[in-house]
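First up is the structure itself, then whatever we jot down about it.
Counting starts at 1 for both ligands and their atoms, following the listed order. Small disclaimer: the values here were computed from a predicted structure and weren't measured.
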Amino acid sequence: MKSFVIKGDIAFNETREKIKTLENGYLVCVNGICKGAYKKLPEEYKNLEIRDFSGQLIVPGMTDLHVHAPQYTFRGIGMDLELLDWLNQHTFPEEANYSNLEYAKKAYSYFTYDLKRSFSTRAVIFATMHTDATVELMDQLEDTGVISYVGRVNMDRNGGVNLEEESAEVSLQETGKWLDRVKGRYARTFPILTPRFIPSCSDELMQGIGKLSKEQNLRIQSHLSENPSEVAWVKELVPQSTCYANAYEIFDTMGNENCPTIMAHCVYSDEKEMDILKKHGAYIAHCSDSNMNLTSGIAPIRKFMDAGIHVGIGTDVAAGSSMNMLKAILNAIQASKMYYRLVDQSVKPLTFEESFYLATEGGGSYFGQVGSFKEGYEFDALVLDDSKMYSMRDLTVRERLERTCYNDADVVIREKYVQGENTFHRE
Ligand code: GUN
Ligand code: FE
């Protein structure tokens, strides 16, 4: 049943800067689409079933715009390393295990079990370079109720003996086979082209991916300007490029507004790189937990937002240590405060409202009208029980919401709806 009303304490961003709240409000879902949030239930919806969550918070579902499924089981390990050492010592050896389908089945079951119970209703996910394991991940994801894009990773250089495809040609052939296998197979799980990053992909491979994206209108995700050594390496690998983003542009992999590319990190993206991201309608996946763990730096998110670039939040597990989007909202605020204090006092920290926006509608817009309770949006909603977080004050809904992000362990998810479907209790 995808037409109903839920009642509770509703909060969502009306704009990037402002959260609208309704204490004891009604949120209407008709055929999976939000028909608005109301103080008093309009007459026309009186006949719909009312599900009563009085006293609980109702917020939009969250979009994790960048997460690595095969890294989930080693999260929180190797965190004293910087990016390139962390990849070589921990990530690549772990991902090589996914050539074994039984290993992949088990490890991905841990990831999908936790994703299903997380605050995320949408996710954009990296798998590994292994086709069978990637299809297995997609099969498992389809059952979580979460709507996702999933990428079989392309990498034909610098992965070491066990995590490198034989050639650009083989990598592209395998990608074609994978696309054939998953085409039309799912209702909620979609393929996305995933060249790992420039150091992992030869020029020939990057060109092939650019071509495939254009021919089949397939979206692309990758990494951009995460770490100083990585940025310098890319300049060596693509000497004709004017910046890292231009290297992607040269290979026709930056996408466009209708087929937007997601770039994770952008810690070192300057004005020139921002112009390229903006011109192509790209999305930046801001992963501040990861950027702190790997000593990468702090991305100037306010600058990106002010420039009109699309921004969402990614957890970037396992460089980020958790898939928890409430924690990611908090980390983004804290990182922006340190950028303001230590780097540039003309760049004001993110407000709570702005960070909440990035996690909901900011990243949600990658999937269409997603991440808000404005009329016409897809009905992705979370019912959060904060009743065990005691207070001696009478709190507003806005205050309760803020403190759930600062104390995520004390919050229980009671229901999770995606496109109006209750994913915890399938009808
Ligand atoms: N750059 C290339 N691969 C990766 C990865 O797996 N994680 C992170 N954080 N950055 C990358
Ligand atoms: Fe990543």
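Heavy-atom proximity to A319, at under 4.0 Å, picks out these atoms of ligand 1: 9 (N). Atom numbering of ligand 1 starts at 1 in the shown order; those under 4.0 Å from a heavy atom of H265 are 9 (N). Atom numbering of ligand 1 starts at 1 in the shown order; those under 4.0 Å from a heavy atom of L83 are 8 (C), 10 (N), 11 (C). Residue D316 has at least one heavy-atom neighbour below 4.0 Å for each of these atoms of ligand 1: 8 (C), 9 (N).
In this structure, a donor-acceptor pair under 3.5 Å is absent between the side chains of E95 and H90.
Among the candidates K2, K35, R188, R122, the single residue satisfying the salt bridge (Lys or Arg N to Asp or Glu O under 4.0 Å) test with E378 is R122.
The aromatic ring centroids of F304 and H286 lie 6.0 Å or more from each other. Annotation: Y149 is in aromatic contact with F367 [ring centroid separation under 6.0 Å].
Under the 4.0 angstrom criterion for non-hydrogen atoms, F126 is not in contact with ligand 1. Under a 4.0 angstrom heavy-atom cut-off, Q71 registers as being in contact with ligand 1.
Taking a cutoff of 4.0 Å between a charged side-chain nitrogen and a carboxylate oxygen, R414 and D385 qualify as a salt bridge.
Within D316, the N, O or S atom at minimum distance from the Fe ion (ligand 2) carries the name OD1. Atom NE2 is the N, O or S atom of H223 at the shortest distance from the Fe ion (ligand 2).
Residue H265: no N/O/S atom is found under 2.8 Å from the Fe ion (ligand 2).
Nearest to atom 7 (N) of ligand 1 among the protein's heavy atoms is W86 CZ3, 3.5 Å. What sits closest to atom 3 (N) of ligand 1 on the protein, heavy atoms only, is R196 NE, 2.9 Å. The protein heavy-atom contact nearest to atom 10 (N) of ligand 1 is E226 OE1, 2.7 Å.
Judged by a 6.0 Å distance limit and a 45° cone about the ring axis, R16 is not positioned over the six-membered ring of Y357. A cation-pi arrangement is absent between R117 and F424 under the rule of less than 6.0 angstrom and at most 45 degrees off the ring axis.
Ring pair Y244/Y248 is parallel by interplanar angle, where below 30° counts as parallel and above 60° as perpendicular.
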